[in-house]
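One structure is given here, and the rest of the page talks about it.
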Amino acid sequence: MDIEKAELMLNIFIYVFAFLFGITIGSFLNVCILRLPRGESLITNNSHCMTCGAQIKRYDLIPVFSWLILRGKCRNCGAPISPRYMLVEAMTGFLFVGVFAKYPPMDFGLYPVLLCLFICGLIVLCFQDIDNREMVVSVLVYTCIIAVVTRVLGYLSTAGLLPVSCLLPEESIKSALIGMVSVSGVLFIFGFIITPLFYDAFVDENKKELRMLKKQLRAAEKGSPDAKKLNDKISSLTEKINKEEPVYGFGMGDIILMAAGGLMFGVKATVTAAFIAVICAAVYGVYRRIVSDDEDNAFAFGPFLIVGLVIVAFIGNTLADAWLSTLYIDR
Ligand SMILES: [Zn+2]
């Protein structure tokens, strides 16, 4: 009985510590989300009110709690402070608690720590993509490095070459390597081959016109004034087309992100994450169409992939296995 009590106390201690540590890290993640895309320093403390510019005092920089105590208003001018800062901090805290509850360090060794580091990268990429429709390269590289380190430590741990354990839920290196290319490969083919080809063939007016002009040129007599005129038109149109930004279905960021996710979680979990992302993005796309008349229906896909990855960080292969088991016919 006493041992159970001690275990419970230890768990509560771990969860409280994980939460407090998580919200502190979350506060740093807010800084990364805001400053990395602008190339600003992460270390200097120049947090200031977005409205009046007053420097925020150190005692008002306590994660989550400061925002709650000040009721989301600047101490100096009373302007509302976006609840997003507080939400990112709280989210990081709860995700850390979730990771340590799902993967207790006593059983999984270093894995929960590595998973928290990985999730930090995902949180930063998610909000950067929402804000700028772009993920910062250094953060993408960071998530890839964490995934590689996790795999290496996991391998060394199962080989008995590590003084501490590092047990990965998906231990198979093969699954990790296939996972690395499964979703990212599909995104690459769709994003960089199929979408641009489709766009050129059916959407781009300039390219349609260029094809028509070339056809006319072939029909025109060589050296005739008509042919010369067509040639001029073609060269000016080609110049115009070369200045256009190429159209890609997915960014390179999404592809690198899913490669890192695949390496971290293995093939089944990563494919599950992609399915979750596609379903959520489809629902969101329909919702956007209904609510706004915005013609531009393009939106960042990265945050949906990240939601998928965070979900599979907790459920692992269970959803994929449940679905696969329905494919076998009961006899
Ligand atoms: Zn202010």
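Numbers for residues simply follow the sequence, beginning at 1. As the structure lists them, so they are numbered: ligands from 1, and atoms in each ligand from 1.
Between the side chain of D226 and the backbone N or O of A220 there is no donor-acceptor pair closer than 3.5 Å. Without hydrogens or angle criteria, K208 side chain to F202 main chain gives a donor-acceptor distance under 3.5 Å. Of the possible donor and acceptor atoms, none in the side chain of W67 sits under 3.5 Å from a partner among the backbone N and O of L87. Looking at E170, its side chain never comes within 3.5 Å of a backbone N or O of G266 through a donor-acceptor pair. A donor-acceptor pair is defined here as one N or O able to donate and one able to accept, closer than 3.5 Å; no such pair exists between the side chain of S175 and the backbone of E171.
Atoms of the protein (N, O or S only) found under 2.8 Å from the Zn ion (ligand 1) are C49 SG, C52 SG, C74 SG, C77 SG.
Not counting sequence neighbours, V283 has no partner by the side-chain contact (heavy atoms from CB on, under 4.5 Å) test.
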